[in-house]
Protein chains: 2
Amino acid sequence: MDHQNEVQEVAQQQRIDNLDRNLLNALQQDARTPYAELAKRFEVSPATVHVRVEKLKQAGIITGTQVLLAPRPLGYQICCFIGINLKAAGDYPAVLAKLEALPEVIEAYYTTGHYSIFIKIMCRNIDALHRLLVDQIQSIEQIQSTETLLSLSQPIARQIQP
Amino acid sequence: MDHQNEVQEVAQQQRIDNLDRNLLNALQQDARTPYAELAKRFEVSPATVHVRVEKLKQAGIITGTQVLLAPRPLGYQICCFIGINLKAAGDYPAVLAKLEALPEVIEAYYTTGHYSIFIKIMCRNIDALHRLLVDQIQSIEQIQSTETLLSLSQPIARQIQP
DNA sequence: GATGAAAAAATTTGCGG
DNA sequence: CCGCAAATTTTTTCATC
């Protein structure tokens with residue numbers, strides 16, 4: 001609404017001090033850590049923690065919080081990546097719209113290199129993957145070819161270091 | 001570390017009712033939504049919300065919470081994937097250990113298909129990526145070849161549907 | 001900016017349906 | 001398994017440094 005917001009969205013690299021970095025690191029481990037505990041840990045007052053976290057939100061550095069769900073107990077056994085090549089570069093928006101409609105597509109990247117679009121899939125089992133691939137993905141007319149990388153395990157999973 | 005998780009994850013598909021699913025969906029959007037608000041939204045008492053969330057944690061379905069950080073304002077401009085081929089399959093643990101030591105490697109997958117190991121990288125700029133690739137990754141002796149996919153944008157980013 | 005203390009809100013527990 | 005209500009903790013505000 002006012003122009004100050006636009007300026008913030010340009011969001012260049014911000015000044016972040018040590019306390020900010022500590023808070024971000026802690027909240028990356030557990031977004032519900034009580035501010036009182038963070039205050040004790042980093043030897044400031046709970047009010048300061050509160051103010052800093054608010055500022056980090058305002059600055060667009062903290063964009064939200066989420067619970068992490070284990071795929072296995074929810075019945076998701078398969079994680080895979082699919083590299084997609086398009087018939088024409090201009091088909092990108094149309095294909096993306098179709099991928100967005102598939103809940104199993106949890107990430108999509110527009111990439112340079114071997115593929116035009118690169119997606120991450122989570123689905124229940126091999127059968128579901130097979131059907132998804134054949135019925136939903138390879139049947140998209142603008143797709144020329146796909147290549148599947150099946151993930152057998154994910155030994156590293158972490159976030160960027162603030 | 002990974003193998004202990006696997007044992008727990010043998011945890012087959014759990015009984016999840018509609019309330020559980022609603023709570024998981026809401027907490028995926030915002031892990032700090034007050035239980036009182038969730039209670040109102042789903043027409044149960046706050047205590048019930050609390051009990052359900054605790055059970056979902058006990059069951060290993062909720063594995064944690066985290067804040068989401070915007071890479072850009074923290075100075076991370078580059079996201080890319082690197083497919084790695086090893087000289088010998090047995091080199092996997094040694095290479096993984098070296099990758100784990102690089103903070104820019106935020107995800108690693110053991111995959112079938114074109115590559116042996118597939119990693120996701122976040123780093124500050126092209127120069128940093130160049131140095132990382134040449135000095136830290138391609139110099140790992142057990143690595144035979146790498147292939148880089150640079151991400152230009154990420155139009156889809158979401159989680160699995162409980 | 002940071003703080004301590006007060007006010008407001010949310011979490012957590014135990015008892016009774 | 002649920003909900004009520006009390007007890008405890010946390011979050012949030014604000015005047016002051």
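Numbered from 1 within each chain, the chains take letters A, B, ... in sequence-line order.
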Enclosure of A/Lys40 NZ (heavy-atom neighbours >12, cutoff 6.0 Å): no
Separation of D/dT10 P from A/Asp30 CG (nearest whole Å): 12 Å
Polar atom pairs (N or O), protein with nucleotides 15-17 of chain C, under 3.5 Å:
none

Contact check, side chains of A/Ile78 and A/Ile121, non-hydrogen atoms, under 4.5 Å: no
Co-membership, hydrophobic cluster, residues B/Ile160 and B/Val53, 4.5 Å side-chain: yes
Interatomic distance, B/Phe42 CZ vs D/dC2 P [rounded to whole Å]: 15 Å
Spacing between B/Leu23 atom CG and D/dC2 atom C1', to the nearest angstrom: 14 Å
Under-4.0 Å side-chain N/O to phosphate OP1/OP2 contact, A/Thr48 with C/dT3: yes
Distance, rounded to the nearest Å, where A/Ile16 contributes CD1 and C/dG1 contributes P: 12 Å
Shortest non-hydrogen contact from B/Val105 toward A/Ile156: O-CG2, 3.8 Å
Distances for protein N/O vs nucleotides 11-13 of chain D N/O pairs under 3.5 angstrom?
residue	atom	partner	partner atom	Å
D/dT11	OP1	B/Arg32	NH2	2.9
D/dT11	OP2	A/Tyr35	N	2.6
D/dT12	OP2	A/His50	NE2	3.3

A/Gln28 to B/Leu69 - nearest heavy-atom pair and separation: NE2-CD1, 2.9 Å
Sidechain-backbone polar pair: B/Thr63 side chain, A/Leu68 backbone, donor-acceptor under 3.5 Å: yes
Short side-chain N/O contact from B/Ser45 to OP1 or OP2 of D/dC2, under 4.0 Å: no
Whole-Å gap separating P (C/dA9) and CG (B/Leu38): 17 Å
Validation row: A/Glu100, B/Arg158 side chains within 4.5 angstrom (heavy atoms): yes
Derivation of the salt bridge (Lys or Arg N to Asp or Glu O under 4.0 Å) call for A/Asp17 and A/Arg52: CA-CA 10 Å; A/Asp17 73 3; A/Arg52 292 300 191 101; 2.9 Å; yes
Whole-Å distance separating the CZ atom of A/Arg41 from the P atom of D/dT10: 13 Å
Side-chain N,O (A/Arg52) to OP1/OP2 (C/dG1) below 4.0 Å: no
Connected via hydrophobic side-chain network under 4.5 Å: A/Ile119 and B/Leu149: no
